[in-house]
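What follows is one structure encoded as structure tokens, with my remarks underneath.
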Amino acid sequence: MKIATFNVNGINGRLPVLLRWLEEARPDVVCLQELKAPDARFPVRAIEQAGYGAIWYGQKSWNGVAILARGREPIETRRGLPGEAEDTQARYIEAAVEGLLIGCLYLPNGNPAPGLRYDYKRRWFARLLAHAAELRALDVPVVLAGDYNVMPTELDVHKPERWVDDALFRPEVREAFHTLTAQGWTDALRARHPGERLYTFWDYLRRAFARDAGLRLDHLLLSPTLAPRLTAAGVDRAVRGWDKASDHAPVWIELDPARPAWRRKPKA
DNA sequence: ATGGCCTGTATGACAGGA
């Protein structure tokens, strides 16, 4: 089973790129961020024609998240993170797909830091930590996938020294990400590629992609029972070089199908 | 050090992004 996350940076402007990638990569589940479209302008017919069921949580101009499932309909379990009723930004949607719980998130950018926008990012992250702890306690297989707007370590930044005061790299947000993994969540891409420089975002400016001056911002986190089923993970870098590309590339994982306990081989 | 680039919008200049 292949699960992917892709910050599309505008679902309508990016539709040809998204459809081409869906056809080539054939992911089973896809988390999308930055739809930048209200619910009524989500291109549901084109997505259905590509063979995907979808749920989405949009808003005009900014943010917006969606979950696609190949050949089936995601069962929505939540829209919006709990904990701040007055938060109207469309940044979280969650669904059950094929026995998995999929949380699709778009964490706030938070710049400039310090400031109100950074405060919002930290509050949002705290709410994510609380919700992630609740999901952990359910003891069901969960994937938390999306644009976290955090480079977890220096290995995840082209030039770390230039980012130390940035909202994507400040100690508080790196610490929050570490708190999440300390809850028992596995950073799937890093688990499969320890010590390797892998980026998921390249700025439109300064020929960043050509120079490979990137950031690793898009992550798939696995609950403890899922981690042993992880067989592969990668970044579809080539998509970043396509015409009219998003500034993010899709990130994906492969999971072995679940097997009943009595079929598993006992430890040697 | 600066500016360079994208998106969507009651557009021709914004805000927001990272």
Side-chain angles (χ1 to χ4, degrees), chain A residues 5-19 21 31-43 46 56-66 87-92 104-125 128 146-174 176-177 189 197-219 235 237 239-251:
Chain A
T5 182
F6 187 14
N7 178 325
V8 288
N9 187 11
I11 183 114
N12 288 302
R14 211 67 68 199
L15 195 55
V17 168
L18 175 63
L19 294 175
W21 171 71
C31 294
L32 298 176
Q33 302 86 33
E34 279 207 86
L35 305 179
K36 293 186 168 182
D39 282 338
R41 296 210 53 218
F42 185 85
W56 59 94
Y57 177 25
Q59 74 179 79
K60 196 173 79 171
S61 303
W62 316 117
N63 312 317
V65 284
D87 184 2
T88 55
Q89 300 190 25
R91 295 182 175 275
Y92 187 84
C104 171
L105 63 108
Y106 176 45
L107 219 131
N109 173 305
N111 275 307
L116 289 176
R117 305 172 67 84
Y118 190 61
D119 296 341
Y120 174 63
K121 178 177 197 165
R122 293 192 63 190
R123 286 202 311 279
W124 206 95
F125 219 146
L128 178 64
D147 179 355
Y148 283 71
N149 267 318
V150 178
M151 299 84 91
T153 72
E154 296 205 337
L155 188 59
D156 304 312
V157 199
H158 174 61
K159 288 237 164 92
E161 65 279 8
R162 289 192 186 172
W163 291 87
V164 287
D165 292 324
D166 192 280
L168 280 67
F169 198 53
R170 284 172 65 104
E172 301 88 1
V173 291
R174 276 190 272 170
F177 188 87
L189 195 72
R197 279 203 177 272
L198 283 167
Y199 300 134
T200 68
F201 164 92
W202 298 262
D203 206 306
Y204 288 121
L205 301 142
R206 293 166 293 223
R207 298 177 52 255
F209 185 55
R211 296 185 296 117
D212 197 26
L215 308 171
R216 191 170 74 96
L217 303 178
D218 303 272
H219 311 298
V235 182
R237 280 181 58 101
V239 177
R240 179 62 180 83
W242 291 356
D243 193 38
K244 301 274 283 176
S246 168
D247 39 8
H248 295 249
V251 187

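Every chain is numbered from 1, with letters handed out A, B, ... down the list of sequences.
Note on A/Arg211: every side-chain N or O is 4.0 Å or more away from OP1 and OP2 of B/dG4.
The aromatic rings of A/Tyr199 and A/His158 sit perpendicular to each other, their planes meeting at more than 60°, with 30° as the lower class boundary.
For a distance-only test at 3.5 Å, the side chain of A/Asp166 fails to qualify as a donor-acceptor partner of the base of B/dA18. Remark: the A/Arg206 side chain and the B/dG3 base include a donor-acceptor N/O pair separated by less than 3.5 Å.
Residue contacts shown for A/Phe169 are absent, as no nucleic acid heavy atom lies under 4.0 Å away. Residue-level contact check: A/Asp247 touches neither bases nor backbone, having no heavy atom under 4.0 Å from any strand. In this structure, A/His248 reaches the sugar-phosphate backbone alone: every heavy-atom distance under 4.0 Å involves primed, P, OP1 or OP2 atoms, never a base.
No more than 12 heavy atoms of other residues, nucleotides or ligands sit less than 6.0 Å from atom CG of A/Asp165. Other residues, nucleotides and ligands contribute more than 12 heavy atoms inside 6.0 Å of the CZ atom of A/Arg123.
Atom-to-atom, CG of A/Asn63 to C1' of B/dG8 comes out at 12 Å; the value is rounded to the nearest Å. Nucleotide B/dG17 holds its P atom 11 Å from the CG atom of A/Asp147, rounded to whole Å. Atom CG in A/Asn9 sits about 7 Å away from atom P in B/dG8, given to the nearest Å. A/Lys60 places its NZ atom 18 Å from the P atom of B/dC14, with the value rounded to the nearest Å. Going from atom CG of A/Asp165 over to atom P of B/dA18 covers 19 Å, rounded to whole Å.
Defined by atom type and a distance below 3.5 Å, a donor-acceptor pair is missing between the side-chain atoms of A/Asp87 and A/Tyr92.
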